[in-house]
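Some notes on the structure that comes next.
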Protein chains: 2
Amino acid sequence: MTNDQDQTSNPTAQPERFNQARAAQAVAILEDYAEMIGDLIEEMGEARITDIASRMGVTHPTATKAVARLKREGLAVSRPYRGVFLTEEGAALADRVRARHRTVVDLLVAVGVPLATAELDAEGLEHHVSDATLEAFDSFLAKSRKDQD
Amino acid sequence: MTNDQDQTSNPTAQPERFNQARAAQAVAILEDYAEMIGDLIEEMGEARITDIASRMGVTHPTATKAVARLKREGLAVSRPYRGVFLTEEGAALADRVRARHRTVVDLLVAVGVPLATAELDAEGLEHHVSDATLEAFDSFLAKSRKDQD
DNA sequence: TGGCAAGTAAAGCCAGGGCTACACTTCTGT
DNA sequence: ACAGAAGTGTAGCCCTGGCTTTACTTGCCA
């Protein structure tokens, strides 16, 4: 097991996985902000910087910076002193994120994690769940729901 | 549902979860490096900066910086031009990380994720799995293994 | 033993994501 | 109608974690 030729854990050719993990983390924040803005628009009709900031637990300049990134990425639009709105692309992202979050929480609960813990952990986990894994989660949930009946 | 007093998704009191996710990510890199150094020591008897760098997929200076952080945190020691070694604390951390990684991969596989995908996703996921969730994973795995028999 | 390759370190750059402090709009209430 | 409060924007700073370049050790080998 201390053999670096071992095929299941060959270490000499693994940097990609770390790179992928790093890249995933790079978009994580954007996803959170997009989702949050979507929530706010749905609830209040608009998303104000101050509201975004307080919900994200950051100061407003930080929120402003994040929104600037979203705008740069074409996910949001805003006019000075007006609310922030999602583009079509941004709204689609928010929807995807929301759905994924729900799936992750459901899966955690399905394998026995307490709901509160599941909600908390999902916030960090969800950004690293690949599409393939998400599909597997959905299948598993569908199956275990069927088994329950 | 546009009511911000709703208890299941009360948004005005949720910043902590984001803060927790951010904090988790802060130690993620350290964990990866500690684990990698542990692997290298086990395999080659010592961990050289160059080896660490190539396995992590970064340049040497980046690895040097990371090792400096590990030393600052009391997880590793090193002397110039000699290898890097883990302190007791660092070794314990590496073991925990390794065990957690295995559990996460196993759980993913257990719910139907292909092994290769599981390995890849686990790298990002593992750092966000709380102790409580990890326990739940272990229980689930124990149960499903028993069911298999 | 002298020189060169490999390993290591240090410095300086970038971007991201926090922060505080301060300036400026917008809104609101008298 | 205007002043002050609330909201927003901007500047400048810190730290992390990448990067490249450059300089210095070390150690090995001819």
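Chain letters run A, B, ... following the sequence lines, proteins first and then strands; every chain starts at 1. Values below: all heavy atoms of this structure, side chains included; hydrogens, waters and symmetry mates excluded.
Heavy-atom distances to DNA chain D give each of B:Gly57 and B:Arg72 a nearest nucleotide, and the one nearer the 5′ end belongs to B:Arg72.
Within the nucleic acid shown, A:Thr59 comes within 4.0 Å of at least one base atom, counting heavy atoms only.
Protein atom CZ of A:Arg48 is 14 Å distant from nucleotide atom C1' of D:dG9, rounded to whole Å. To the nearest angstrom, P of D:dG7 lies 11 Å from CE of A:Met44. Atom pair A:Ile49:CD1 and C:dC24:C1' shows a separation of 15 Å (rounding to whole Å applied). In this structure, the CE atom of B:Met56 is 17 Å from the P atom of D:dT16, given to the nearest Å. The CD1 atom of A:Ile52 sits 13 Å away from the C1' atom of D:dG7 (whole-angstrom rounding). A:Phe18 has its CZ atom 14 Å from the P atom of D:dC19, to the nearest Å. A straight line from CZ of B:Arg82 to P of C:dA6 spans 20 Å, rounded to a whole angstrom. One atom, CZ of A:Arg79, and another, P of D:dT8, lie 13 Å apart when rounded to the nearest Å.
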Short N/O separations, protein against nucleotides 10-14 of chain D, under 3.5 angstrom:
none

request  = Begin from the C-alpha positions of A:His128 and B:Glu126 and carry the test side chain to side chain contact (heavy atoms under 4.5 Å, CB included) through to its verdict.
outcome  = CA-CA 9 Å; A:His128 301 276; B:Glu126 57 182 358; over 6 Å; no
